[in-house]
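A note on names: the letters A, B, ... follow the listed sequences, proteins ahead of strands, and every chain is numbered from 1. What you are looking at is a predicted structure, and each value in this text was computed from that prediction instead of being measured.
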2 protein chains.
Amino acid sequence: MDNDVLRQAPLFSSLDDEAATALGGSMAETKLRRGEVLFHEGDSGDKLYIVTEGKVKLGRSSSDGRENLLAIMGPGQMFGELSLFDPGPRSATVTAVTDASFGSLSHDDLLRWLDGRPQVARGLLSQLASRLRKSNDVVADLVFSDVPGRVAKALLDLADRFGRTADDGVHVHHDLTQEELAQLVGASRETVNKALADFASRGWLRLEPRSVVIMDLERLSRRAR
Amino acid sequence: MDNDVLRQAPLFSSLDDEAATALGGSMAETKLRRGEVLFHEGDSGDKLYIVTEGKVKLGRSSSDGRENLLAIMGPGQMFGELSLFDPGPRSATVTAVTDASFGSLSHDDLLRWLDGRPQVARGLLSQLASRLRKSNDVVADLVFSDVPGRVAKALLDLADRFGRTADDGVHVHHDLTQEELAQLVGASRETVNKALADFASRGWLRLEPRSVVIMDLERLSRRAR
DNA sequence: TCCTAGCCGTGGTCCGGCTCACAACCGCGA
DNA sequence: TCGCGGTTGTGAGCCGGACCACGGCTAGGA
């Protein structure tokens, strides 16, 4: 397993060497291929996962079958912690968007760590707080912004986390279909497609399959606010 | 200050007597009258508050002045913890919906408590996890449900927390204007009013100023899903 | 006691975005 | 090489809900 990624994960970045290696030892490894599901909404389970490689989507589906994505998680990010501290079934389905691997930690192991090491508790608290802040922002966006605005915001967020800057712009290999992008911003595939086409026609970005090249960050950011 | 309420607050319910009284001692008391503001979105500040009496609304406003309410908090509930663990400005404005009082704890005091007492850390983690779960539910509702559905959900939640059962139904003194209720569900005042009027005309509830009496919980719950 | 300021109820109009429908495209396996 | 399933592009129509414009109601202050 890739211990470097774990070491740099926000959750553990405050640990000293000895603690980090010990923690690495108590974690198990899991691998998935694109499209495979790690667990389903409603499943029971008490493991916490950290992405070491690839990307996953956290999604939930409504009674009539429509889907909504809560987040895309990449290397270093943690998920599955809700069922740990607020016992109950898994609140989302986790699916690999690319081939991916994870380190996992069981409830009991984590609690052992918590009691001894206040830094781990603080790491978890700050992770959860930051997630809560983001979730609140998403709520505000759904209420205040229109679909193009939300699409712009989502692209900027993906660019921030997965983008690589080149001469012709920021290449963002988000690995999402437009359908998935639509589920992420809470809109229909068609509307998202039209928003993207509009951005492209203005020269703000270039569309490529499962990725975009952002050519005018400035304008796109302005559209997002 | 009302130590009983603090003692029963979810956050501290797992503490033993000695710890609880000690904690009570290190908390300060604040009081507000209806309409007064405790702090504004964007302010700096590192205090965590627990409501001991009354209700507050946590709200944010968009650049063009529209408002949105994240939550209504009543006795025993905690807020303001985001700025503690994910340092940054306050993410919401807190306003008293009724006369209210709070116990508060500063960053430094809380950290001292955290290091010594793993139970407090667990209490905080489970509070944050539960808040995150709720916030995710709100996102799902905004994406999947229509306005009447969201209004029904909000009423049921308020009934759950502030309702008193009587012979003629569940009396819910939510203390919110329809405008505030609308901001809570992310809709316009007019649309919310029409939804309420519709529910009333079906005999599911009776409207009263700043409160409702729910007469048919069953049907209302069915409309909410 | 009246006057004013918030609230609450209810119509009309308009528009963003969803749904439906279809065409073009791209990579992949038989 | 030829389908073929999964994607992407785009137009037409419709509808939920925002916005606007009132009128009535109630409570609190001069």
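B/Phe162 carries B/Lys55 over the face of its six-membered ring, with the cationic atom under 6.0 Å from the centre and within 45° of the normal.
Under the 30°/60° scheme for interplanar angles, the aromatic rings of B/Phe102 and B/Tyr49 are found to stand perpendicular.
Here the P atom of nucleotide D/dT7 and the CD atom of A/Glu208 are 18 Å apart, to the nearest Å. The distance between atom CD of B/Glu179 and atom P of D/dC19, rounded to the nearest whole Å, is 11 Å. Atom CD in A/Glu180 sits about 8 Å away from atom P in D/dT7, given to the nearest Å. What separates CG of A/Asp175 from P of D/dT7 is a distance of 13 Å, to the nearest Å. One atom, CG of A/Leu207, and another, P of D/dT7, lie 16 Å apart when rounded to the nearest Å. In this structure, B/Arg150 atom CZ and D/dG16 atom P are separated by 14 Å, rounded to whole Å. Straight-line distance from the CG atom of A/Leu196 to the C1' atom of D/dT10: 14 Å, rounded to whole Å. With rounding to whole Å, B/Asp198 atom CG is found 13 Å from D/dG16 atom P.
With salt bridges taken as basic N to acidic carboxylate O contacts below 4.0 Å, one links B/Asp198 and B/Arg202. A salt bridge does not link A/Lys57 to A/Asp175: none of the charged side-chain nitrogens sits closer than 4.0 Å to a carboxylate oxygen. Taking 4.0 Å as the cut-off between side-chain N and carboxylate O, B/Arg223 and B/Asp146 count as a salt-bridged pair.
Along DNA chain C, the nucleotide nearest to A/Val147 and the one nearest to A/Arg189 differ in position, and the one closer to the 5' end is contacted by A/Val147.
For B/Thr191, a side-chain nitrogen or oxygen approaches OP1 or OP2 of D/dA18 to under 4.0 Å. Contact annotation: A/Asn193 side-chain N/O to D/dG9 OP1/OP2 distance is under 4.0 Å. Under 4.0 angstrom from either OP1 or OP2 of D/dT7 there lies at least one side-chain N or O belonging to A/Arg210. Applying the 4.0 Å criterion to OP1 and OP2 of C/dG9, one finds that B/Gln178 has a side-chain N or O inside that range.
One donor-acceptor pair, N or O on each side, does fall under 3.5 Å between the base of C/dC20 and the side chain of A/Glu190.
The residue A/Asp146 sits close only to the backbone: its heavy atoms come under 4.0 Å of sugar-phosphate atoms, none of a base. B/Thr177 comes within 4.0 angstrom of sugar-phosphate atoms only, judged by non-hydrogen atoms across all strands, and of no base.
For A/Pro148, counting side-chain heavy atoms from C-beta on, the closest listed nucleotide (C/dG17, C/dG9, D/dA18) is C/dG17. For B/Lys194, whose side chain is taken as the heavy atoms from C-beta onward, the closest listed nucleotide among C/dG12, D/dA18, D/dG11 is C/dG12.
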